[in-house]
Amino acid sequence: ENPQDEQDLEKVLKQKESRARYMRFYRSLRSKRTPLEVRRAGAAAYRQSDRLQVLLEQWLACSGQWKASEFYYQARQKKRSRRHGCRKWLTRSEIATKY
């Protein structure tokens, strides 16, 4: 009835919706169904608002589907391009020529 009451109600509903959205995001960082790369990033971002903000923006951009996010794609690319080395034994003469 009162325009002020309607505005207050709208404001409260918007706050509740925002809080519910953030809680879905927060739970998604700890879910077993969330990709491991994202869970690790979430653990690394614990209590760091700037990192959490980046993750939240990525989550919102992909509509809550982490596997469709740019963040997940980049993490997978980085993991694929990581070098996996192995130790190679050198003989004394090979060490001398190398160093």
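In this structure, SG in Cys62 is found 12.0 Å from OH in Tyr72, a value given to the nearest 0.5 Å.
Contacts classified as side-chain hydrogen bond (donor to acceptor under 3.5 Å, both in side chains) and involving residues 33-56 (residues at least two apart or in different chains) are given here: Glu37-Arg76, Gln48-Arg51, Gln53-Glu57. Within the structure, every pair that satisfies the side-chain hydrogen bond (donor to acceptor under 3.5 Å, both in side chains) test and touches residues 14-26, not counting sequence neighbours, is listed here: Tyr26-Arg30.
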Next item on the list: Take Ser69 and Trp59 through the test side chain to side chain contact (heavy atoms under 4.5 Å, CB included) and record every step on the way to the result.
Entry: CA-CA 7 Å; Ser69 71; Trp59 185 78; over 6 Å; no
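The shortest distance between side-chain heavy atoms of Phe25 and Leu60 does not fall below 4.5 Å.
The same ILVMFWY cluster, assembled from side-chain heavy atoms under 4.5 Å apart, contains both Leu56 and Met23.
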